[in-house]
> 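Just dropping this structure here.
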Amino acid sequence: MSSSHDLPRNYDFAEVEERWRSIWRDEDHYFDKNSKKPQFVIDTPPPYPTGNFHIGNALNWCYIDFFARYKRMKGFNVMFPQGWDCHGLPTEVKVEELNHITKNDVSREEFRRMCRELTEKNIGLMRITLRKMAFSTDWSNEYVTMEPKYYGKTQLSFLRMLSSGYIYQSEHPVNYCTRCETAIAFAEVAYEERETQLNYFDFDGVEIATTRPELLAACVAVAVHPDDERYSKLKDRTMKVPLFCHDVPVVLDEAVDPAFGSGAVMICTFGDKQDVHWWKQHNLALRKAIDRQGRMTEIAGKYKGLNTTECRVAILADMKAQDILLRQEKLAQRVGTCWRCKTPIEILSERQWFVKIKPAEIADAAHQISWFPEHMLLRMENWVEQMEWDWCISRQRIFATPIPVWFCKKCGEIAVPEDKELPVDPTQVSPKHPCKKCGSTEFTGEEDVLDTWMDSSISVLNVTGWDGSGTPPFFPAQIRPQGHDIIRTWAFYTILRSVALTGQKPWEEILVNGMVLGEDGFKMSKSRGNIIVPEEILVKYGADALRQWGAMGAATGSDIMFNWNDVVAASRFQTKMWNITKFALIQLEKEGFDPDAQITALADRWLLVRLSDTVEQVSNALESYQFDVALKAIREFAWEVLADNYIELVKGRLYKDDNSRKGACLALHTAFDALCRLLAPFTPYFAEECYSHLSPGKSVHKQPWVAFTYDDDAARIEGDLLVQVVAEVRKYKHDTGLALNAPLGKVTIYAQQTVNDEGDTGRTLNAEVHWRTDAAKLDRVITDIDFNRSVIGPAFRKQAGAFMAAIKALSPEQLANPPKTITLEGSEVTVPENAFTPKYSYMEEGAQVDVITVGDVILTIAKA
RNA sequence: GGGCUUGUGGUCUAGUUGGUUAUGACGUCGCCCUUACACGGCGGAGGUCACCGGUUCGAAUCCGGUCAGGCCCA
């Protein structure tokens, strides 16, 4: 134990946090591959290296660190890896922006180098925040998806799924962002509400409504509802497309809504997902009118080269000129846009790579995983059930994992590298062997790259040691922590890939955290100006306070509003705990502490039984990831049970110099030691600081989790009574205008059981306290009568005075049980309800006392 | 339009399988600087548990509907 003289008056989080950060060693958090302990592998989310570790990340990581630290103390071999999901458009866009270039202005290699450089810088910045937050990261298991070591595995996983038939290439309509010039997956399409124009025009004699006249060149059919009598004569006909003059068939389809527009629609390749549906179902022709840059193609004839907006204007003008544009209406519609750049997406038919989605397989694995909170599983189920297309994994970008494939220039056959050649960039190197089919040595490297989710969806395979064969040594992981916003992407793709590559679920449990909203209850955004960055909180209140906010801000899994109040409250709790620490150390160093002391006093037993309850509550809560419940129980124990009640009760005994303080010292030591350990996962710096003063040279983070139990039901019940008695007497002092430390004379407590309080109650109340088990012998005396003049006045008017005099004249027995009527100046009058209340005083053994009841217990107080 | 989720004092929030007086924090009001702590202690005020209906001896809790918010999707 360090001397209390060493303890500064105030807790200086900045000094303490920096000091421990320099003392702690990374090695303490390394996963031990040879350990005999049970493993606890966490499939940590690899954040996108934007350079800012935002508050949502912070919340997610707080949860991870809480259970990582808890599990370590519980004796698990914990792996808390840190990944970085580097590839993707945002970085490309940022690089273009920072350097005022477009990706086509420099070579692919140069562009990649610039992206890597920016990413490395950003990772550096984010690592600093992670360390400040005291996350117990296993830096020996850090992975960076843009590094060859990692993306080689991404490529290996691609090849495995290619050979097992999960991956195929095909020409198929895909969502395409013409600004980013790449295909995107459905998960990357964001829908936005927009107002557009619905144009009615004459289509070979039939009125048709369309929002996208620019797609007229891509029209491949006209569809009507089979029961729509207006159009029954169109059956089996072909129709001539206005302006373009090609013939298209008329198809009948139930999905056409006769009430929308004119009830007849044109099918274009492709205006929306419904067009793709009809196109497939009716086996229609393919007319590609828009290219990858979003410009009109050959098919569009004289409109070739225009972008879609220009083309729309031109076609509408030409329709007007030909007098076939009938009318226009405003229409609210939802447009699919690129989630990165918000450009409306086009559906283009392109040769792309796909991963087969087998919904049943994924649903089955999802059901084998425990979900926290449970209802998040439903989101996965809903997403899985409505999958229509396979997952398009090819992207036409640069900063991403190359698709490890060549095409034979002669016969088109695919060539793939051997495992040991990975990673490869097929645009830079050639295959080692001639074409299997035709023997040619001329190849073209695939220029397309992989969707970033192809990298991140093997995070769990990577950390569990996957090498391309069978089940990895540490697979499945024990838990996946992540936000609910990426259930349909990261969670979904990870399950898909794990099942495809290992045949098993990726994790035993998944813990889904909520989103962090601004103080105003809205999603944090620049435009609202409600963004809070972790760094700001770290500077003002420190990491431990921020971590407490993360634990207590909301129930695990629900969205959480950021709230400075919670951070302030957290920091106040630390102040309180710091004062408890100072008090405990001053007391414990007085005479050392005796681990063999006997605990006999009620207050001491009560503290230990409440501690035992708290340990159980906190442990149970942590097992089910209820961090709010756990920390709340800890705070309540420290603040209410230990500080406000226990310490106040035993102070007097601790100040004494005799043997009776030994039991209190042991109880205090036990509770304080346990508190440090309970707090360790939540406030690692603070807990370490407190514990280091209690047990110098030892780290609380290397101690086992508290296993303290104390079974003493009587102490819980009697101790609660003791605390209640003290509270009632305090209230009595307050009500009678006495200072809390004012001397009180004699207090007699009539309880059913004998209580050994070692004199604690008396010292706490500054009174002579007697606990008695016999019945109280009290005489009740009416000392005065309170009259209710607002009742008496209106009822008796001038006789009011006489009424009150008559009541005063009643005997004590009559007053205790008042008559219904009374004789007033010779006549019977009714005694109104609530007209008066007798005031009693009590006499005990001839002295006047005040009486308080606490349940069945009677307290009498004889003032000094 | 569909799925999920939420609606508790001024603000935020707890409330597990329905069970006496609905939890805590912040704010607010009053008293108190008692040898760990005024970044504190003690006490008080403040709630038709969104609304309507149902099940029940009993509903914040279960069921149905309405209204409002959030998220995801069509």
Side-chain angles (χ1 to χ4, degrees), chain A residues 4 7-11 13 186-187 189-191 272-274 333-334 336 373-388 483-489 492 512 514-515 517 519-523 541 545 548-549 552-555 557-588 617 620-621 624 626 628-629 631-633 635-636 638-640 642-645 647-648 651-652 654-655 668 672 726-743 763-766:
Chain A
S4 58
L7 296 188
R9 188 176 158 75
N10 294 314
Y11 180 73
F13 73 83
F186 262 105
V189 178
Y191 291 86
D272 58 21
K273 218 171 140 188
Q274 184 62 48
Q333 69 164 10
R334 303 202 103 205
E374 222 179 315
H375 67 83
M376 292 296 179
L377 171 60
L378 278 165
R379 295 205 185 181
M380 174 63 78
E381 284 177 334
N382 292 342
W383 178 244
V384 170
E385 274 165 23
Q386 54 99 67
M387 292 305 313
E388 285 186 52
H484 62 61
D485 53 333
I486 49 174
I487 288 176
R488 67 199 169 105
T489 49
F492 175 79
V512 181
M515 302 290 108
L517 308 173
E519 279 199 290
D520 52 6
F522 290 99
K523 206 169 174 171
Y541 294 95
Q548 285 192 65
W549 162 80
M552 294 267 284
S558 48
D559 288 351
I560 165 172
M561 231 185 280
F562 180 77
N563 190 348
W564 280 108
N565 266 345
D566 291 345
V567 180
V568 173
S571 126
R572 277 194 201 161
F573 171 65
Q574 282 164 205
T575 304
K576 186 70 186 180
M577 262 304 288
W578 184 244
N579 282 304
I580 294 173
T581 305
K582 283 192 290 180
F583 178 82
L585 292 175
I586 290 168
Q587 297 309 321
L588 294 176
Q617 278 172 34
N620 288 343
S624 53
Q626 295 172 282
D628 56 327
V629 174
L631 184 54
K632 200 168 285 177
R635 278 200 203 172
E636 194 181 297
W639 207 314
E640 283 168 39
L642 180 59
D644 292 347
N645 290 316
I647 290 180
E648 290 304 324
K651 248 180 188 173
L654 284 166
Y655 292 155
L668 186 61
F672 184 68
V726 170
E728 285 297 331
V729 176
R730 277 181 187 151
K731 194 177 164 190
Y732 166 84
K733 282 186 168 179
H734 182 266
D735 291 348
T736 52
L738 291 169
L740 288 177
N741 57 347
R763 282 184 296 267
T764 305
L765 299 177
N766 197 6

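Proteins come first, then strands; the chains are lettered A, B, ... in the order of their sequence lines, and each starts at number 1.
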> Can you tell me how far C1' in B:G54 sits from the matching atom in B:G15, rounded to whole Å?
23 Å
> Using purine N1 to pyrimidine N3 plus N6-O4 or O6-N4 for Watson-Crick, or N1-O2 and O6-N3 for G-U wobble, both under 3.5 Å, which nucleotide pairs with B:G64?
B:C52
> Can you tell me if A:Q617 uses its side chain to pair, donor with acceptor, with the backbone of A:A633 under 3.5 Å?
no
> When the P atoms of B:G44 and B:U23 are considered, how many whole Å apart are they?
12 Å
> For atom C1', what is the distance between B:C4 and B:A59, given to the nearest Å?
24 Å
> Hey, does A:T575 have a side-chain heavy atom less than 4.5 Å from the side chain of A:N10?
no
> Please measure how far the C1' atom in B:C32 lies from the corresponding atom in B:A14, and state the result in whole Å.
31 Å
> Taking the side chain of A:R572 as its heavy atoms from C-beta onward, which of B:A36, B:G43, B:G40 lies nearest to it?
B:G40
> Using a 3.5 Å distance criterion without hydrogens, assess whether the side chain of A:D559 forms a donor-acceptor pair with backbone atoms of A:G514.
no
> Decide side chain to side chain donor-acceptor pair (under 3.5 Å) for A:N579 and A:K582; before the verdict, give the C-alpha distance in whole Å, the side-chain angles of both, and the deciding distance to 0.1 Å.
CA-CA 5 Å; A:N579 282 304; A:K582 283 192 290 180; 3.2 Å; yes
> Under 4.0 Å between any heavy atoms, over every strand shown, what does A:I487 touch: base, sugar-phosphate, or nothing? Just pick one.
nothing
> What distance, rounded to whole Å, do you find between the two P atoms, one in B:C52 and one in B:C57?
23 Å
> Look at all strands and tell whether A:D644 reaches a base, only sugar-phosphate, or nothing, counting heavy atoms closer than 4.0 Å.
sugar-phosphate
> Who is the Watson-Crick or G-U wobble partner of B:U20, with both distances under 3.5 Å?
none
> Taking CD from A:E385 and P from B:A74, how many angstroms apart are they, rounded to a whole number?
14 Å
> A:H484 or A:S558: which one's nearest nucleotide on RNA chain B is closer to the 5' end?
A:S558
> A:D628 has an atom CG; how far is it from atom P of B:G15, in whole Å?
7 Å
> Would you classify A:E636 as touching base, sugar-phosphate or nothing, given that sugar-phosphate means primed atoms plus P, OP1 and OP2, and contacts are heavy atoms under 4.0 Å?
nothing
> Quick one: is B:G41 close enough that its OP1 or OP2 comes under 4.0 Å of any side-chain N or O from A:W639?
yes
> Can you confirm whether A:V568 sits close enough to A:Y541 that some side-chain heavy atom of one is under 4.5 Å from a side-chain heavy atom of the other?
yes
> Return the value, rounded to whole Å, for the distance between atom CE of A:M380 and atom P of B:C72.
15 Å
> Both A:N382 and A:K731 contact RNA chain B. Taking the nearest nucleotide for each, which residue is further toward the 5' end?
A:N382
> Whether A:K733 contacts B:C32 is assessed here as follows: a side-chain N or O lying under 4.0 Å from the phosphate OP1 or OP2. Is that the case?
no
> Base, sugar-phosphate alone, or nothing: which one does A:I580 contact when heavy atoms must sit under 4.0 Å apart?
base
> Using a 3.5 Å distance criterion without hydrogens, assess whether the side chain of A:S624 forms a donor-acceptor pair with backbone atoms of A:N620.
yes
> Which nucleotide in the set B:C42, B:A36, B:G27 lies at the smallest distance from any side-chain heavy atom of A:F583?
B:A36
> Counting only side-chain N and O atoms of A:R379, is one of them less than 4.0 Å from OP1 or OP2 of B:U5?
no
> Could you state the atom-to-atom distance from CE of A:M561 to C1' of B:A14 in whole Å?
15 Å
> Does the structure show a Watson-Crick or G-U wobble partner for B:C71, both distances under 3.5 Å? Name it, or say none.
B:G3
> What integer number of Å spans the C1' atoms of B:A25 and B:A68?
26 Å
> Parallel, tilted or perpendicular: which fits the ring planes of A:F492 and A:W383, with parallel below 30° and perpendicular above 60°?
perpendicular
> Taking B:G30 as the reference, what is the distance to B:U48 when you measure between their P atoms (whole Å, please)?
25 Å
> For the pair made of CE in A:M515 and P in B:C72, what is the distance, rounded to whole Å?
8 Å
> For B:U55 versus B:G64, give the span between their P atoms, rounded off to a whole number of Å.
15 Å
> Round to a whole Å and report the spacing from CD of A:Q626 to C1' of B:U13.
15 Å
> With a 4.0 Å cutoff (strictly under), does any side-chain N or O of A:Y655 reach OP1 or OP2 of B:A36?
yes
> Among B:C12, B:C39, B:G41, which nucleotide has an atom closest to any side-chain atom of A:N563?
B:C12
> To the nearest Å, how far apart are A:N645 CG and B:G41 C1'?
12 Å
> Looking only at the side chain of A:K632 (C-beta and beyond, no hydrogens), which of the listed nucleotides B:A14, B:C26, B:C37 gets closest?
B:A14
> Do the side-chain N or O atoms of A:R9 get closer than 4.0 angstrom to the phosphate oxygens (OP1, OP2) of B:G40?
no
> Could you let me know what B:U28 is paired to, Watson-Crick or G-U wobble, both distances under 3.5 Å, or none if it's on its own?
B:G44
> Hey, does the side chain of A:K733 reach the backbone of A:L765 with a donor-acceptor pair shorter than 3.5 angstrom?
yes
> Between A:Q548 (CD) and B:C26 (C1'), how many Å, whole number?
15 Å
